[in-house]
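Take a look at the structure below.
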Amino acid sequence: MNELLALIFNLNTLAAALRMATPLALAAMGGAFSERAGIINLGLEGLILTGAFAGVLGSYYSSLPWLGVLLAMIAGGGFAALFALFTIRFKADQVVAGVGLNMLALGLTTWLMQVLWGSRGSSPNVNGLPEITIPLLGRLPFVKVFFIEQSPLVLIMLVVIIAGWYLLFKTPLGLRIRMTGDHPTAADTVGINVRAIQYFCVIFSGVLAGLGGAYLSLGHLNWFSVNMSAGRGYMALAANIFGQWNPLGGFAASLLFSFTDAVQMRLQGLNLSIANELIQMLPYLLTIVVLAGAVLRSRPPEALGKQNQGGDE
Amino acid sequence: MVRLNKLKDQQGIIFNLLYSVVAIVIALLLGGILIYLSGHDPGKAYYHLVYGAFGNSYNLAQTLLNSTPLIFTGLAVAIGFQSGLFNIGGEGQLYWGALATAVTALTFPHLPGLILLPLALLAGALAGGCWGVIPGYLKARTGAHEVITTIMLNYIAILATTFLLRNYYKEAGPVDQTPLIAESARMAELIPFTRLSWAIFLGLAVVVLSDYLLKKTSIGYDIQAVGKNSAAAEYAGISVPGIYILTMGFSGAVAGLTGSTLVLGLFNRFITNFSPGYGFTGIAVAVLGRNRPWGVLLAALLFGALEAGGMSMQLYARIPADLMRIIQGLVILLVAAPAFIQLLVGSLLNRPGGGAK
């Protein structure tokens, strides 16, 4: 039994969890920014998918994977700008627009893939991002597994998460963002440009989700396949709530979710008679439990999802 | 006064219909541009789209076949919306409905169809309804946002039904599915070789029933009152938590029937991961149908036509049917933002006159 536990709960599982948490944590941080500014971004799913596709597209035509990453961020931001335009400018229902965006992204990526590459399964292989080893950290005992032959995007994610937390909670801009989501009218009264903040946050969330998508298609694999995001956008939304609308919390939740995933995969590999469907359910169950306030009081931004009336037309 | 309100209502319906039509036209135009850019002929493509959807009785049957599940899932979303709740959980509810129906039909194979069919349908509606009550209860008691809880419950439902199937109901063999249900439990084909069953009439009946429930009963009135202004409804003595739970129960039951009718009328068994996202497309259908039962019926027929026509477009004009998903997504975005259409139509109308303001 102990051997079994050691086989499951070791640093390699944790390293796998960290890798799988990368797109989730990035998109969850996007969710945190968007929701802190009062906009429910259900479109994260479609934005990840768009990023994954654009990443491969960029790498396919330029052979430069980093250009693919850049294109993924631009595509994610661009799509998010469309979402922002519809929800902020044209006052579309945020959840409905999010569902529409996801359908559009799924249709567009699948369709383009067939038009460009003639296959409905997956794209041709492209140049992915090379793995890197951090010189000093890669020699430390225990934690070195995280820094040896690691995708650069995993490391970038860690930096981005910390920067995002700092921006949201330690800077004047972060204060303005949080005030926009909590009390848009008051924010407007004290001279904050509520709409500009909301546009910025939604577009930024798209950039982050796009980067997360690029990890899937250029870091984790080096091709694009149909519906590659596979529900990660929704998981990211859950991770964001689980993490209390905080990038660090979202990262911790993403790590927890992907850890159960990694354990589940490991168990599957060991061919034990444990039903892996039940283990796979855990993240979803946990999210519901947290959301129901059973573990800790979860407090969403007060004006979340409400149509903001403040500001001049 | 009553008459005036009625007039206003009718005007509202006409305007909504107009917006929806404009949204569909814009989406199809954008789709046409995409077809053109990909080097195909939009005219030819759309000819096959229309012919594939309505061209002959077989094609029309395919449209209706594709519409049937969307009538149910669209209604489920629309019913939830009437009380202000967003039921994104149709997908999970329909999986429970399908499994409960299949298991009921497999458990009592010797019952005559006249008893077994209603029993199996009831089991599906109950299972879906119970799954719907969970987010309703969580919303009512803890305020947990139903959008997130229903999404999570979708995953749980798909995993749980797969778990139950694999461990208790699986037919021997490589595919994760139950054995076929008895002949007596199957919904008969309406037109031979089209696979269209009379499930579509059940869908129609549910449309009529929900319209009646919402418009003519006091429960329907309470549901709408909560949806319009929950604080005022509470003040008027309506139990808002009770309405949330009730509405989600109804909504889940209708979504459950999606699964039931697919099992009884199409697959004749439960298969894991059988739904290509009917629950999610139902959201689009409800949005396009303005959350009114008859509107949902029209929208479901349109989406069914797009699916059926899309297949023939793919077959004969070599244009990937995924284009229909793009068009559906565009339709939702456009319908969700009437302000955009107003702006667009306004600027188009004003331009020729010049300064018509």
Side-chain angles (χ1 to χ4, degrees), chain A residues 40 42 45-46 82-83 85-87 89-116 120 226-227 231 234-235 237-238 240-241 275-281 283-294 298 300 304-305, chain B residues 31 34 37-40 86 88 134-135 137-139 141-145 147-149 151-164 166-167 277 280-281 283-284 286-287 314 319-343:
Chain A
I40 303 173
L42 213 63
E45 173 73 11
L82 182 76
F83 177 76
L85 190 71
F86 271 79
T87 50
R89 171 77 176 79
F90 298 121
K91 304 207 182 303
D93 184 288
Q94 293 164 9
V95 175
V96 172
V99 170
L101 186 75
N102 290 342
M103 275 192 150
L104 188 62
L106 179 61
L108 213 53
T109 53
T110 315
W111 188 76
L112 275 175
M113 192 165 80
Q114 291 168 87
V115 170
L116 293 176
R120 202 184 182 274
V226 169
N227 196 14
Y234 299 118
M235 285 305 291
L237 273 180
N240 171 42
I241 292 168
N276 61 56
E277 288 96 2
L278 299 182
I279 301 169
Q280 277 176 284
M281 268 182 218
Y284 312 115
L285 276 174
L286 281 172
T287 304
I288 291 177
V289 169
V290 167
L291 207 57
S298 83
L304 182 60
Chain B
L34 281 178
L37 289 178
S38 72
H40 293 273
F86 220 124
I88 300 197
I134 299 172
Y137 176 84
L138 289 173
K139 168 87 174 182
R141 293 278 167 248
T142 70
H145 202 309
V147 166
I148 305 292
T149 52
I151 290 174
M152 297 299 117
L153 286 166
N154 282 342
Y155 290 114
I156 296 174
I158 293 169
L159 288 166
T161 50
T162 305
F163 170 77
L164 289 174
R166 282 194 183 145
N167 289 287
F280 285 101
T281 313
I283 301 165
V287 169
Q314 172 160 316
I319 289 159
D322 298 280
L323 187 74
M324 293 305 115
R325 181 96 32 218
I326 301 177
I327 288 174
Q328 289 172 355
L330 285 172
V331 167
I332 305 178
L333 274 174
L334 292 170
V335 169
F340 173 73
I341 294 184
Q342 263 169 352
L343 191 81

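In what follows, chains carry the letters A, B, and so on, assigned in the order in which the sequence lines appear, proteins first and then strands, with residues in each chain numbered from 1.
For chain A, the option among B/Ile326, B/Ile341, B/Leu343 with the highest count of heavy-atom pairs below 4.5 Å is B/Ile326. Chain A forms the most heavy-atom pairs under 4.5 Å with one residue out of B/Val287, B/Leu138, B/Leu323, and that residue is B/Leu323. Contact count against chain A (heavy-atom pairs under 4.5 Å) is highest for B/Ile151 among B/Ile151, B/Asn154, B/Ile319. For chain A, the option among B/Leu34, B/Asn167, B/Ile283 with the highest count of heavy-atom pairs below 4.5 Å is B/Leu34. Counting heavy-atom pairs under 4.5 Å between each of A/Ala238, A/Gly107, A/Gly46 and chain B puts A/Gly107 at the top. When each of A/Val99, A/Leu237, A/Leu101 is scored by its heavy-atom pairs under 4.5 Å with chain B, the top score falls to A/Val99. Contact count versus chain B (heavy atoms, under 4.5 Å) is highest, among A/Val115, A/Leu116, A/Leu112, A/Val95, for A/Val95.
If you measure heavy-atom distances from A/Ile40 to chain B, the contacts under 4.5 Å come from the side chain alone. Neither the backbone nor the side chain of B/Ala321 comes within less than 4.5 Å of any heavy atom of chain A. At a 4.5 Å heavy-atom cutoff, the contact between B/Phe86 and chain A is made by side-chain atoms alone. Only the side chain of B/Arg166 comes within contact range of chain A, with at least one heavy atom under 4.5 Å from a heavy atom of that chain. Only the side chain of A/Leu278 comes within contact range of chain B, judged by heavy atoms closer than 4.5 Å. Proximity to chain A (any heavy atom under 4.5 Å) is shown, for B/Leu153, by both the backbone and the side chain. For B/His40, no part lies near chain A; criterion is any non-hydrogen pair under 4.5 Å.
In this structure a side-chain-to-backbone donor-acceptor pair under 3.5 Å is present from A/Glu45 to A/Gly231.
Closest non-hydrogen pair, A/Ala97 versus A/Thr87, comes out as CB-CG2, 3.8 Å. The two residues A/Gly98 and A/Phe83 make their nearest non-hydrogen contact at N-CE1, 3.5 Å. Shortest non-hydrogen contact noted between B/Ile332 and B/Ala284 is CD1-CB, 3.1 Å. Taking all atoms of both residues into account, the shortest heavy-atom contact from B/Arg325 to A/Met103 is CG-O, 3.3 Å.
For the atom pair A/Leu108 CG and B/Leu330 CG, the distance stands at 8.5 Å (nearest 0.5 Å). If you take CD1 on B/Ile158 and OH on A/Tyr284, they are separated by 9.0 Å, rounding to the nearest 0.5 Å.
With sequence neighbours left out, the ring-ring contact (aromatic ring centres under 6.0 Å, His included) criterion links B/Phe340 to A/Phe86, A/Phe90.
Atom CZ of B/Phe163 has more than 12 heavy atoms from other residues, nucleotides or ligands within 6.0 Å.
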